[in-house]
Q: 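A single structure is presented below for examination.
Naming convention: chains lettered A, B, ... in sequence-line order (proteins, then strands); numbering from 1 in each chain. What you see is a predicted model, and the numbers here were worked out from it, not measured in a lab.
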Amino acid sequence: MIALVDCESFYASCERVFDPTLYGRPVVVLSNNDGCVVAMSREAKALQVEMGAPWFKIKDWAASAGVVARSSNYELYGSLSARVMEIIGRYSAWQEVYSIDESFIGLHGTVDELTAIGHEIRSEVLRCTGIPVRVGIASSKTQAKLASRGAKADLSLGGVCHLGFYSPDRLDRILAGTSTTDLWGIAGRTGKRLAGMSIFTAKDLRDADAKWIRKKFSVVMERTVFELRGISCIPLEEQPPHKDQLIFSRSFCQPVSTREGMQQVFSIYAQRASTRLREHGLVAGVVSAWASTSRFREGEFHTAHVAVGMPTETDDPIGIAKAAFAALPRVRPGSDYVRAGVVLTGLRKKQSVAPLALFEPEYEGRRIGETLDGITQKLGPRAIGIGRGGLRGAPVWTMKREMLSRRATTHWEELCEARA
DNA sequence: TCTGGGGTCCTAGGACCC
DNA sequence: TCTGGGGTCCTAGGACCC
């Protein structure tokens, strides 16, 4: 059997762990730049706050409704996530950490035994981390996702739902009451196409002809059909040796419209991307960089983009920045760019053996990356930068995070204070 | 004034090889 | 000179996920 353990309103729950005054209140967490709502507590959902709503549009209403907003604090969430995942992992030899707030684990046992284990996981994670989780148990991942939805919808289940608990008739009714777009792997577009073929509910899809579905869609949808029947086709994945790509991208809080300005952006983004590369012990073979104008404004939407193969795979901030600069000639001066990113692909583990010196770029031997990491760790990310990224003073386009909580688990100076 | 960021998988099509 | 089939690798684009 497969259990999906997922955290309830994860970001909002993290904010509550170190600020108990938030319990029982509607909490929303905003995207970078305090742009839009990316997570919210049950209470905020009850107030019909919409996921993805631009903050500037609902800010005034939210204040009057007593909604508390927080800027996203990914360092805190990442740290709490690691603790939650470690505890979940104690209950099974097979664990897949699927996302920052979800994990699949493999379990064996009767319906009663597994339901009991589900409750134990729930109380243990809550006791050790303060994060509430739900547990959905079934024979496939797609069904486990469904079970988790069940645990969310039916409060009487106490946060744990085992699909095996239901009779076939009852299960039919549950599936008939679930629209296809509520299933894992099916979003709006595919939902519409399915509806055009008179497949509206999870039950319709489960009972459709799998071969025909494969022909009309793809092997992915065929797997969903089998998974709905309780035949597991999407195995638990071991953690891959490393990821395939690494992206650093951000929106600006003020547009950038000159090549010099964009050069500074690429310089800083390349530095940040290369830091992450070293955190993962990786080197990149291909660097791409892009900058886009806004989709929400008048005028043509435009992206300046370039991809550059590196002569030797590298994690060097200077080499990556220089490669990213290749996008600069495609930047149209005068256009208002609102977003940019540096994407690293062709990733592999950094070897301990140095490449042939003949092919090694001059900056490679100087270990500039490590030096940079050391300084930023001590003095903060603004302390040093390469090229235009080193200019004094925060550039005008940097991120807005006006309602940021403490990074209470990763920075000594931001520890929580307790008063008697 | 203000609309996120970081990923994965699949497919189709082109280039190239034998 | 002409021709077929099978295979791999790469890339771009679409769709989806959290």
Side-chain angles (χ1 to χ4, degrees), chain A residues 4 6-11 28-40 50-60 62 69-75 77-78 81 96-104 141-142 145 148 180-194 214-224 233-235 237 239-240 242-255 269 272-273 276-277 280 285-286 288 290 292-297 301 303 305 307 309 336 338-347 396-397 399-403:
Chain A
L4 171 69
D6 77 313
C7 302
E8 288 176 27
S9 312
F10 183 57
Y11 295 171
V28 300
V29 177
L30 305 178
S31 63
N32 279 332
N33 264 329
D34 294 342
C36 58
V37 176
V38 288
M40 55 185 140
E50 265 186 61
M51 192 64 96
W55 181 236
F56 75 92
K57 280 190 184 168
I58 62 165
K59 200 169 167 173
D60 294 335
R70 288 279 185 270
S71 306
S72 38
N73 185 345
Y74 288 105
E75 209 167 314
Y77 311 152
S81 169
E96 174 184 344
V97 176
Y98 178 66
S99 73
I100 194 164
D101 66 344
E102 290 175 50
S103 177
F104 289 106
K141 283 183 171 179
T142 306
K145 279 272 193 182
S148 161
T180 54
T181 50
D182 288 330
L183 292 169
W184 190 40
I186 301 179
R189 306 222 174 195
T190 314
K192 276 205 185 108
R193 284 184 61 199
L194 283 168
R214 179 174 186 150
K215 220 180 333 176
K216 291 284 175 191
F217 294 87
S218 74
V219 62
V220 183
M221 184 73 64
E222 186 192 28
R223 283 200 278 254
T224 301
C233 316
I234 309 173
E237 305 260 353
Q239 290 333 304
H242 62 75
K243 50 173 115 199
D244 296 331
Q245 58 175 243
L246 189 156
I247 303 178
F248 188 89
S249 81
R250 289 281 180 280
S251 303
F252 318 136
C253 72
Q254 269 182 45
Y269 285 19
R272 300 290 295 275
R276 283 198 195 160
L277 214 44
H280 291 96
V286 178
S288 35
W290 54 271
S292 309
T293 58
S294 173
R295 287 178 200 278
F296 301 101
R297 277 196 228 172
F301 174 71
T303 301
H305 175 260
D336 281 346
V338 297
R339 245 170 100 84
V342 170
V343 183
L344 305 175
T345 47
L347 304 183
V396 288
W397 44 264
M399 256 206 305
K400 195 163 68 177
R401 296 205 291 182
E402 286 170 350
M403 295 156 286

Q: Do A:Val338 and A:Arg295 come within less than 4.5 Å of each other through their side chains, counting heavy atoms only?
A: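 With C-beta onward as the side chain, the pair stays apart.
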Q: Hey, does the Lys NZ or Arg CZ of A:Arg276 hover above the aromatic six-ring of A:Phe248, less than 6.0 Å from the centre and inside 45° of the axis?
A: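 Verdict for A:Phe248: no cation-pi partner in A:Arg276.
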Q: With sugar-phosphate meaning primed atoms plus P, OP1 and OP2, does A:Arg193 contact a base, only sugar-phosphate, or nothing at under 4.0 Å between heavy atoms?
A: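 No contact.
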Q: Would a 4.5 Å heavy-atom cut-off, applied to side chains only, mark A:Val37 and A:Leu30 as touching?
A: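 Touching, per the 4.5 Å side-chain cut-off.
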Q: Using atom C1' in both nucleotides, what's the gap between C:dG4 and B:dC16 to the nearest angstrom?
A: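 The same atom, C1', in both gives a distance of 16 Å.
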Q: What closest approach, in Å, do A:Asp34 and A:Trp55 show between heavy atoms, and which atom pair accounts for it?
A: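 Here A:Asp34 and A:Trp55 meet closest at O-CB, 3.5 Å.
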Q: Do A:Glu237 and A:Tyr98 come close enough that some side-chain heavy atom pair is under 4.5 Å?
A: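 A side-chain contact under 4.5 Å is absent here.
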Q: Classify every nucleotide of nucleotides 9-18 of chain C by which part a protein heavy atom approaches to under 4.0 Å, writing B for the base, S for the sugar-phosphate alone and - for neither, in 5'-to-3' order.
A: ------SSSS
Q: Using a 3.5 Å limit on both pairing distances, list the dot-bracket string of DNA chain C from the 5' end; Watson-Crick and G-U wobble pairs count, crossing pairs take [ ], interstrand pairs take |.
A: ....||||||||||||||
Q: Side chains of A:Lys141 and A:Arg223: does their closest heavy-atom pair fall under 4.5 Å?
A: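 No, side chains not in contact.
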Q: When you compare the side chain of A:Tyr77 with that of A:Asp101, does any pair of heavy atoms fall below 4.5 Å?
A: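 Not touching, per the 4.5 Å side-chain cut-off.
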Q: Take A:Asn32 and A:Ser251 through the test side-chain contact (heavy atoms from CB on, under 4.5 Å) and record every step on the way to the result.
A: CA-CA 8 Å; A:Asn32 279 332; A:Ser251 303; over 6 Å; no
Q: Could you tell me how the ring of A:Phe104 sits relative to the ring of A:Trp184: parallel (under 30°), tilted (30 to 60°) or perpendicular (over 60°)?
A: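 The rings of A:Phe104 and A:Trp184 sit tilted, inter-plane angle from 30° to 60°.
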Q: All N/O contacts under 3.5 Å from nucleotides 3-7 of chain B to the protein, with atom names and distances to one decimal?
A:
{"from": "B:dG4", "atom 1": "O4'", "to": "A:Ser31", "atom 2": "OG", "distance (Å)": "2.9"}
{"from": "B:dG5", "atom 1": "OP1", "to": "A:Ser251", "atom 2": "N", "distance (Å)": "2.7"}
{"from": "B:dG5", "atom 1": "OP2", "to": "A:Ser251", "atom 2": "N", "distance (Å)": "3.3"}
{"from": "B:dG5", "atom 1": "OP2", "to": "A:Ser251", "atom 2": "OG", "distance (Å)": "2.8"}
{"from": "B:dG5", "atom 1": "OP2", "to": "A:Arg339", "atom 2": "NH1", "distance (Å)": "2.3"}
{"from": "B:dG5", "atom 1": "O3'", "to": "A:Arg250", "atom 2": "NH1", "distance (Å)": "3.0"}
{"from": "B:dG6", "atom 1": "OP1", "to": "A:Arg250", "atom 2": "NH1", "distance (Å)": "2.9"}
{"from": "B:dG6", "atom 1": "OP1", "to": "A:Arg276", "atom 2": "NH1", "distance (Å)": "3.3"}
{"from": "B:dG6", "atom 1": "OP1", "to": "A:Arg276", "atom 2": "NH2", "distance (Å)": "3.1"}
{"from": "B:dG6", "atom 1": "OP2", "to": "A:Ser249", "atom 2": "N", "distance (Å)": "2.5"}
{"from": "B:dG6", "atom 1": "OP2", "to": "A:Ser249", "atom 2": "O", "distance (Å)": "2.8"}
{"from": "B:dG6", "atom 1": "OP2", "to": "A:Ser249", "atom 2": "OG", "distance (Å)": "2.9"}
{"from": "B:dG7", "atom 1": "OP1", "to": "A:Lys243", "atom 2": "NZ", "distance (Å)": "2.4"}
{"from": "B:dG7", "atom 1": "OP2", "to": "A:Ile247", "atom 2": "N", "distance (Å)": "2.6"}

Q: A side-chain contact here means heavy atoms from C-beta on lying under 4.5 Å apart; do A:Ile58 and A:Val28 qualify?
A: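 They are not in contact (no side-chain heavy atoms under 4.5 Å apart), so the answer is no.
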